[in-house]
Chemist: 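Dumping the structure here so I can ask a few things about it.
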2 protein chains.
Amino acid sequence: MRLSKYLLPTLREVPAEAEIVSHQLMLRAGLMRKLASGVYSYLPMGLKTLRKVENILREEMNREDAVELIMSALLPAESYMASGRWEVFGSEMFRLKDRSNRDFCLGPTHEEIFTETVKNTVKSYKQLPMTIYQIQTKYRDERRPRFGVIRSREFIMKDAYSFDKDEQGLDVSYKKMYSAYNKAFKRMGLDFIIVDADSGAMGGSGSQEFMVKSDIGEDTIAYCEKCGYSANSEKAVCIPDPAKDEEMREIEKIHTPHAGTIDELVEGLNQTADNFAKTLIYNADGKFVAVMVRGDRDVNETKLANHLKAVSLELASPADVMEITHANVGFAGPINLGIEVIADNEIMNMKNFLVGANESDYHFINVNVGRDFTPDFVGDFRTVTEGDTCPKCGGKMKICQGIEVGHIFKLGTKYTEALDCTFLDEDGKPKVPIMGCYGIGVNRCVAAIIEQHSDEKGIIWPMSVAPFEVILVVPNMKSEEQKEGGEKLYEMLKNEGIDVLYDDRNERAGVKFNDADLVGIPIRITVGKKFGEGIVEFKERKSDTVLELTVEEAIKKAKEIINAEK
Amino acid sequence: MRLSKYLLPTLREVPAEAEIVSHQLMLRAGLMRKLASGVYSYLPMGLKTLRKVENILREEMNREDAVELIMSALLPAESYMASGRWEVFGSEMFRLKDRSNRDFCLGPTHEEIFTETVKNTVKSYKQLPMTIYQIQTKYRDERRPRFGVIRSREFIMKDAYSFDKDEQGLDVSYKKMYSAYNKAFKRMGLDFIIVDADSGAMGGSGSQEFMVKSDIGEDTIAYCEKCGYSANSEKAVCIPDPAKDEEMREIEKIHTPHAGTIDELVEGLNQTADNFAKTLIYNADGKFVAVMVRGDRDVNETKLANHLKAVSLELASPADVMEITHANVGFAGPINLGIEVIADNEIMNMKNFLVGANESDYHFINVNVGRDFTPDFVGDFRTVTEGDTCPKCGGKMKICQGIEVGHIFKLGTKYTEALDCTFLDEDGKPKVPIMGCYGIGVNRCVAAIIEQHSDEKGIIWPMSVAPFEVILVVPNMKSEEQKEGGEKLYEMLKNEGIDVLYDDRNERAGVKFNDADLVGIPIRITVGKKFGEGIVEFKERKSDTVLELTVEEAIKKAKEIINAEK
């Protein structure tokens, strides 16, 4: 491809709209443009990389006998109503009506539609197991689209769904997808870890996420360097600190004016936060519950929602807190509260601690479980923190941020039951297939690759997903010798089956070299001043070394690198 | 691919929802399923053919230096408001609001968005000409979705847009697309004709449609077998019948009770319809006009709308007709009407004809133009009919139906002007690029191919778009010899790089052969009773001849056919 005929609008400046490296570089390297908040067009070079990522996914899916099909994005409401998700998705679902006033949505994910398809086409156990997938455009009206294509509102997803006769079958199908995902992300050049993930309140017997470690990741990962245990912080099991060996002291109400936060209490009472217990009032689907965690811990709302099987969970409003506790926010406590009290395991090991007195500007100190109050339910309701004890090996947990690029999930029968999907089993009786679902955000993969493969000059594409394999630069198009050399080498490279971008623009050498670094094609070949002697410059984007090679050597070396890395 | 692991739900019965052959066969051969009116999912084999059609288009586009990118389907309203099409599309456009109540649509076509992209990325004449295209999903809320994917509401379109410095440039870009379309449709095995098409009221200097002749086509085509002139009936130029050489008779008002239609007049007055002139009252963007055509002719509303530059054009309501003519519908006439009268050319050649008297149950006879009334405007406002005089050579016109599969259009500056898209020309001055647009309905191509390539047993795919190249049938999987033979041949065919569907199901031979005919893979190889002697059956789907060949001969012959036809 001749750059003079291509659409590659590179930018010198960092666009103001972009906070993170991948977003900046996708705009600067002319891969995409914003059409609306969270909605992007892919310019030619962005599209090429996107398609390469898709093809890697397609190959790895097909290798595991998954079969590709494609559903519509415009979907009638009925299936989502049957599964209950028409409500669950809330304002995250784009909804519209057709000219006959019928309800439609833009599919946020397709469990329902794949289930309907299997219901209508699979009749017998002989047709199972079956894993079907699509690479298709999805829509989610995110509250806060950001980071370019990492959290966008229109995006491409590779979503696969497995249907099995029984749990053992699901295990096999799940492992095949696990394997396919591993291979696919490796081929893309991603450095990732696989973490235990939350399976949600609605059942499902296991779930893992493929995370690319990155400071800008929106997910928090807890991992143990000793034994390898790793989990999304939503899911990571927390081990309580050991019980304190201390005499119970007498409970006492103290005046704590305006000390409605842990920080204010720490300062006012000159104690550490682990001597306090927070009591937070939540509204779970309209019902109020109190949740206690140690003062220096955070409530894990995912664990709480799962325990309560809540669709909607949020902190109670100040007005509701006032009505329940008869006090301002910050003074709730478990004693004589009048609503259900759920306590984190760790509360049970605390002694002589502080809680709110359910009276504005007052707390109790020297509170003890059992004597002063008894929780209605005790369990793991806090979020893991750095230095926590590993639940597997007793080592110390570490915390990092990650970008979720893939998710595999043993769904169970939630959708097949809701949509009345059955097959005739070997014994002639109708049974409900057991599902798994498996998703990869294609655009997000592109961004994650750039997060991990770039430097201050621009992108450094891995060969497997590079939009072109070689960029051919002629620094001075006014030199007839260089120009002729460029044309000649361009034809030679194309004839060797190399996908080459030929920078034949009438631009200054500096502009060309900067653009080449910015757009990150893995191999750069320059037809410069020594071309008269049959010498070209050969440079890999990822290396600082510039080699002087003959034309033949350069082509040979390019082919070797391409074949090794593709 | 093993059929036992594939999703290919064939149907014996013709589905009640399908009126036409391609729709029936796409459902029966398991290519697709309906998800909602005019919305379909593509099952694995349907998707494979769809992708083959897309790849043919991609290759032919790239060959003409068009550059691929991809836009979103979810589009903000602003660009469409700037071009005026937010109103024009009316209820055909799917509209929705996001969570911030911002207006979006699902793109029905992308002229505005491509123009915005060029506006933001192309600065200089050096970057022109540029033709950019996408293969992307579009949405139109059709009043009457029908014929399966021929008129659907979610569909894939290959849409290209050219940007040129001047008209000569546009001519070149247009010819390149004309050539690409010709090649692409030929490669798909389509028998098509290219017809002159309407360019619309909003300018545009030329337009042609690629039509597949078919009785179920929704477009009417007029063509001359003598000189090759052909045009969409919306556009076809009409030559008036020669003037009658007749003395003017005295005008007379006659009583014609209840004769408000041409048929009733023909019967009541015992005359032929070509002695009558119809006067129809139209509402064009709220303004009323009368249009006269000969009694046996139809008003061509496209020609009328273009002349009036009307966005909305419809027959006036009976109440409006009553107010304007002071008579019931059917008695309007040009004499003393009080609104603008537009006459078709042919009216000028008529003598002593009948018109409505603007009085219920009365007509005038022996009316003559010039003496009794004078039209405000005269032009070509009727629709061509079989036997009309060819406007090019004077021969006789024929009429047939066609499916529009492609449309190429010299757009001009409508969008670039509306959206303020300019480039700096060689003289340093800003200029507005001249656009062309070029569209192909991908799904519709698949249906059109089936309309032209099928028989009573099923589809007969051209090799170029066939979902598989060979279907390998083992009629009796209970025979160890045949089963082993099937496995062996399956591996051999795959090793030769042949895309083979292996029917390894435990089904009766009759079911397998019927399915093979239905799904229409071009070559069928059967491992039957003579496999012990090294003999297999070789049959092309399009032929009735079954050959007995050795395994080696069969593979060789398959490769020859594939290479010749691919």
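We name chains A, B, ... by the order of the sequence lines, and we start the count at 1 in each one. In this text, all values refer to a predicted model and were calculated from it rather than measured experimentally.
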Chemist: When heavy-atom pairs shorter than 4.5 Å are enumerated against chain A, which of B/Leu128, B/Thr121, B/Thr131 gives the highest number?
Modeler: B/Thr121

Chemist: Is chain B contacted by the side chain of A/Glu68, its backbone, both, or neither, given a heavy-atom distance below 4.5 Å?
Modeler: both

Chemist: What part of B/Glu142 lies closer than 4.5 angstrom to a heavy atom of chain A: side chain, backbone, both or neither?
Modeler: backbone

Chemist: Which bit of A/Leu106 comes within less than 4.5 Å of chain B, counting heavy atoms only: side chain, backbone, both or neither?
Modeler: side chain

Chemist: Please identify, among A/Val67, A/Leu7, A/Leu50, A/Leu43, the residue contributing the most non-hydrogen atom pairs under 4.5 Å to chain B.
Modeler: A/Leu7

Chemist: When rounded to the nearest 0.5 angstrom, what is the spacing between CD in B/Gln127 and NZ in A/Lys5?
Modeler: 14.0 Å

Chemist: Does any heavy atom of chain A fall under 4.5 Å from the side chain of B/Thr117, the backbone, both, or neither of them?
Modeler: side chain

Chemist: Given the options B/Arg143, B/Arg2, B/Lys123, which has more heavy-atom pairs under 4.5 Å with chain A than any of the others?
Modeler: B/Arg143

Chemist: Just wondering, more than 12 heavy atoms not from B/Lys97 lying within 6.0 Å of its NZ?
Modeler: yes

Chemist: At a 4.5 Å cut-off on heavy atoms, which part of A/Tyr42 comes close to chain B: side chain, backbone, both, or neither?
Modeler: both

Chemist: CE/A/Met32 to OG/B/Ser72 distance, rounded to the nearest 0.5 angstrom?
Modeler: 12.5 Å

Chemist: Given heavy-atom pairs under 4.5 angstrom as the criterion, report whether the side chain, backbone, both or neither of B/Tyr139 touches chain A.
Modeler: side chain

Chemist: Kindly determine whether B/Arg51 and A/Ile70 satisfy side-chain contact (heavy atoms from CB on, under 4.5 Å), including the steps that lead there.
Modeler: CA-CA 11 Å; B/Arg51 292 285 180 256; A/Ile70 196 160; 3.7 Å; yes

Chemist: Please say whether more than 12 non-hydrogen atoms of neighbouring residues, nucleotides or ligands are located less than 6.0 Å from NZ in A/Lys483.
Modeler: no

Chemist: Distance check, rounded to the nearest 0.5 Å: B/Asp141 atom CG versus A/Ser100 atom OG?
Modeler: 7.0 Å

Chemist: Please classify the contact of B/Ile113 with chain A as side chain, backbone, both or neither, using a heavy-atom distance under 4.5 Å.
Modeler: side chain

Chemist: Which distance, rounded to the nearest 0.5 Å, do you find between the CE of B/Met71 and the CG of A/Leu47?
Modeler: 10.5 Å

Chemist: Minimum heavy-atom separation for A/Arg102 to B/Ala36, with atom names?
Modeler: NH1-CB, 4.2 Å

Chemist: Quick one: pull up CG in B/Leu69 and CZ in A/Arg33 and give me the separation to the nearest 0.5 Å.
Modeler: 11.5 Å

Chemist: Enter the distance from A/Arg153:CZ to B/Phe104:CZ here, rounded to the nearest 0.5 Å.
Modeler: 4.5 Å

Chemist: Can you give the donor-acceptor pairs under 3.5 Å from side chains of residues 86-95 of chain B to other protein atoms, not counting sequence neighbours?
Modeler:
residue : atom : partner : partner atom : Å
B/Ser91 : OG   : A/Arg99 : NH2          : 2.9
B/Arg95 : NH1  : B/Trp86 : O            : 3.0
B/Arg95 : NH2  : B/Trp86 : O            : 2.9
B/Arg95 : NH2  : B/Gly90 : O            : 2.8

Chemist: Flag yes if more than 12 heavy atoms outside B/Arg144 fall under 6.0 Å of its CZ atom; otherwise flag no.
Modeler: no

